[in-house]
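Here's the structure, in structure tokens; my notes come after.
As a basis for the values below, the full set of heavy atoms in this structure was taken, side chains included, without hydrogen atoms, waters or symmetry mates. Chain letters run A, B, ... following the sequence lines, proteins first and then strands; every chain starts at 1.
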Amino acid sequence: MYRYDEFDETFVRERVAEFRGQVARRLSGELSEEQFKPLRLMNGVYLQLHAYMLRVAIPYGTLSARQMRQLAMIARKYDKGYGHFTTRQNIQYNWPALIDVPDILDDLADVEMHSIQTSGNCIRNVTSDPYAGAAANETDDPRIWAEVIRQWSSQHPEFSFLPRKFKIAVTASDKDRAAIKVHDIGLRLYRNEDGERGFQVFVGGGLGRTPYIGERIREFLPERQLLSYLEAIMRVYNRYGRRDNKFKARIKILVSSDPDDFRRLVEEEWAKSDREKLNGPLDELLRVRRFFEPPKYENIPQTCNSLDAARARNDEFDRWVRNNVSDHRMAGYAIVNVSLKPIGKAPGDISAEAMETVADIAERYSFDEIRATHEQNLCLPHVRKADLFDVWRALDSARLATANIGLASDIIACPGLDYCDLANARSIPVAARIAERFADSDEADGIGELKIKISGCINACGHHHAGHIGILGVDKKGEEFYQITLGGSGGEDASIGEITGRSFSSSEVVDAVERLVTFYKENRTVGERFLDLYRRLGPAPFKETLYGDAAH
Amino acid sequence: MATLRIKNGSALFGDIRKGQEISLAAWREGVRPEAGRFEISIPNTEDIESLENVIRRFDAVILDFPVFSDGRAYSQARILRERLGYKGEIRARGDILCDQALFMIRCGFDALEIGNGDKDAFTKALGAYSAYYQIASDNSVPIGARRSRRRDAA
Amino acid sequence: MKAITANRLSDGVVVYVDAHGALVERFGDAQLFDADEADEALVRILERKGAIASAYLIDADAAGPTGRGALRETIRKSGPTVRRDLGKQAELTDERV
Ligand code: SF4
């Protein structure tokens, strides 16, 4: 993985020093809260219901064991012993004191981490495929490009006061595990017919109040041209994005109002720009590339007898392998998904002890690599099949082996009204109740892939529009209600979920979800997922299931 | 009301203008500079590229930050410097915090109207970073190019 | 009745204003104001910019927050409903928290 050199190290330390000064100016009263707020946000510091919240960047979701241990240390020393992994491959601490934040940032810098641009109207932490470098059929390691973008976007002088926040995601695979089409810019690296690598460029995707799937504004951008092309997109947005209305300020509004015009503006700007200069030196690209060379895999056979024997002996282990382990590109290796969704707990939350367990396992069994996924889980990307049983036992001892990846209880949920200042309703208790309803492993396996996603308000941090079943908390005269959307997907077949009808009270919503699942089980054909059935039958029968005849 | 100017890489504080100011609106109504030095103020909603022939006649261009969170003038300044090759003064006016000073200088501004802002805080902010990742309108060598140079030297 | 609540600047902790204008951590110690006194008291608190990050009025009676924002303010007063071991509900044992 990428390692800082002295330039990166100096930059991050200077950023910490700058923020330390800003905090001091706020505490002395020199800065008002109105002036300080955008400054603290650009360093990931929010004020939530109970306390400040610090969002730490995990660039493109990649962590080493040492970094994970430091996150655990911070959770203990400055917080209440846990952290929360988000849908943007970040980690959030819910209880830090403002006066401690500069010290936390220095502790993060000790392990080459920071919270730069995890909030604010700037280019946010870039996200990528959690299976990068491990999945089969990858064109390249997308993290090379994510790191190039990370450096380019850090304290960008022209694009730090944009109309609104800006999120970029990169993948290099046909299978989209980074939800690139619901990002402001989604980049898919592939090879064209001539065998050259380049990006398909999607712009203007996003969830929130007005969800859109990104427009493909360029079919093929030679990879060397990435930064100059990004500059062109950003400049068009900075100049023409709306600033009069916060709800219309995202780039999706600009793009969707006239995609062809947007494309023309970007291409014209790009044509006029000094591309050579903006793209940066080639040897710098090669330098970054070298950090992402594959680990030193052993030459081992694809089939593993000890694994097969262990699976035959132990049903729980077998289930975990079936649900939580994915194929690796190397013979004899596997990708392990670590569920942060034990039944009844807050999705994405992890204790300091569990962080340390994951760090130990990664060091011993996964070439010191950990990934955070946008589905609020972790992943150990390079585990030998022969080690899977030991890994499973070690995870299980820390309650990290719930065998529910991709299933009904692997629910994405934002913090909601239990923590978040902007929330209309709670998310976590609803997630917990749904997970409990589908806690039976055989039943959950029988239902198969089902993505339930919950947001506590229209900001959609829980990606509810991209859920097969999406749940949105709304406030009705001070009561928590939940609106259901169906048919969303954040994958390569991206779609925005459709609103079904009137919202459900907190006591009704879990039954409503169960009715949908029952309808699915009764009507599916072999191999048909919930999403497939919805796409085949359309919304009408699902609405009838939810609302009875009143739907008509 | 102080103005910070960058001269040969260091910050100077003063209040001298370059000359008499007219607005773009006035220019469009037919007001023309006569002899002497003149400056033009331009709203941040204008397409600066289309004003090339106007701007050439002025010794300074004043760009606006109506609120500090409105960053359109950063793009205007870079286009002025890098694309139009404007050599006169580019001055920032409006809601200017010291925390933005470096972004402004890097985008091609060489003067900032800082009002009653704390001069020490501005001076300190300008020195907050020793190197930057991006290439922009200032003369600093970006980190990527520094790495290349170092390798070449090695 | 109204109470005044805020988040303390230094650490973000939820605070209320008591009868002497001091910032207190327990809702049970908060002063309840009539609507007209509340506005004046809020103005005085908002002047203390160096002590608080934000301050506003909530509907409340002696038992706790009331009205439309009752759930949100009850969660602020007590802590996350999903972690009874965290927040004021864990730190203060007095039943009036
Ligand atoms: S979706 Fe709304 S409630 Fe949930 S974390 Fe985002 S802003 Fe908060």
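For a residue to count as touching a neighbouring chain, one of its non-hydrogen atoms must lie under 4.5 Å from one of that chain's; by this rule Asn424(A) does not touch chain C. For a residue to count as touching a neighbouring chain, one of its non-hydrogen atoms must lie under 4.5 Å from one of that chain's; by this rule Leu47(A) touches chain C with the side chain only. With a 4.5 Å cut-off on non-hydrogen atoms, Pro415(A) does not touch chain C at all. Both the backbone and the side chain of Ala53(C) come within contact range of chain A, with heavy atoms under 4.5 Å apart. For Asp100(A), no part lies under 4.5 angstrom from a heavy atom of chain C. Heavy atoms closer than 4.5 Å to chain A are found in the backbone of Arg8(C), but not in its side chain. No part of Glu479(A) comes within reach of chain C, as not one of its non-hydrogen atoms sits under 4.5 angstrom from that chain.
Residue-environment remark: NZ (Lys246(A)) stays at or below the threshold of 12 foreign heavy atoms within 6.0 Å.
Taking 4.5 Å as the heavy-atom cut-off, the residues of residues 79-87 of chain A that approach chain C are Lys80(A), Tyr82(A), ordered by number.
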For the pair Asp418(A) and Arg83(C), evaluate side chain to side chain contact (heavy atoms under 4.5 Å, CB included) and give the outcome as yes or no after the intermediate values. CA-CA 9 Å; Asp418(A) 281 299; Arg83(C) 288 291 301 266; over 6 Å; no
Output, in order, the C-alpha distance, side-chain angles, deciding distance and verdict of side chain to side chain contact (heavy atoms under 4.5 Å, CB included) for Arg72(C) and Asp421(A). CA-CA 9 Å; Arg72(C) 171 193 154 97; Asp421(A) 183 44; 2.9 Å; yes
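Of the listed residues Ile52(C), Asp11(C), Asp85(C), Val14(C), the one with more heavy-atom pairs under 4.5 angstrom with chain A than any other is Asp11(C). Interface summary for chain C: among Leu49(A), Leu98(A), Asn94(A), the most heavy-atom pairs under 4.5 angstrom belong to Leu49(A). The choice from Asn7(C), Leu9(C), Leu71(C) that makes the most heavy-atom pairs within less than 4.5 Å of chain A is Leu9(C).
Atom CG of Leu417(A) and atom CZ of Arg76(C) lie 11.0 Å apart (nearest 0.5 Å).
Ionic pairing of Arg68(C) and Asp475(A) is present here: one or more N-O contacts between side-chain nitrogen and carboxylate oxygen are shorter than 4.0 angstrom.
For Tyr52(A) (side chain) and Val13(C) (main-chain N/O), no donor-acceptor pair under 3.5 Å exists by modelled atom type. Without hydrogens or angle criteria, Arg26(A) side chain to Gly50(C) main chain gives no donor-acceptor distance under 3.5 Å.
Taking the side chain as every heavy atom from C-beta outward, His50(A) and Leu86(C) never approach each other to under 4.5 Å.
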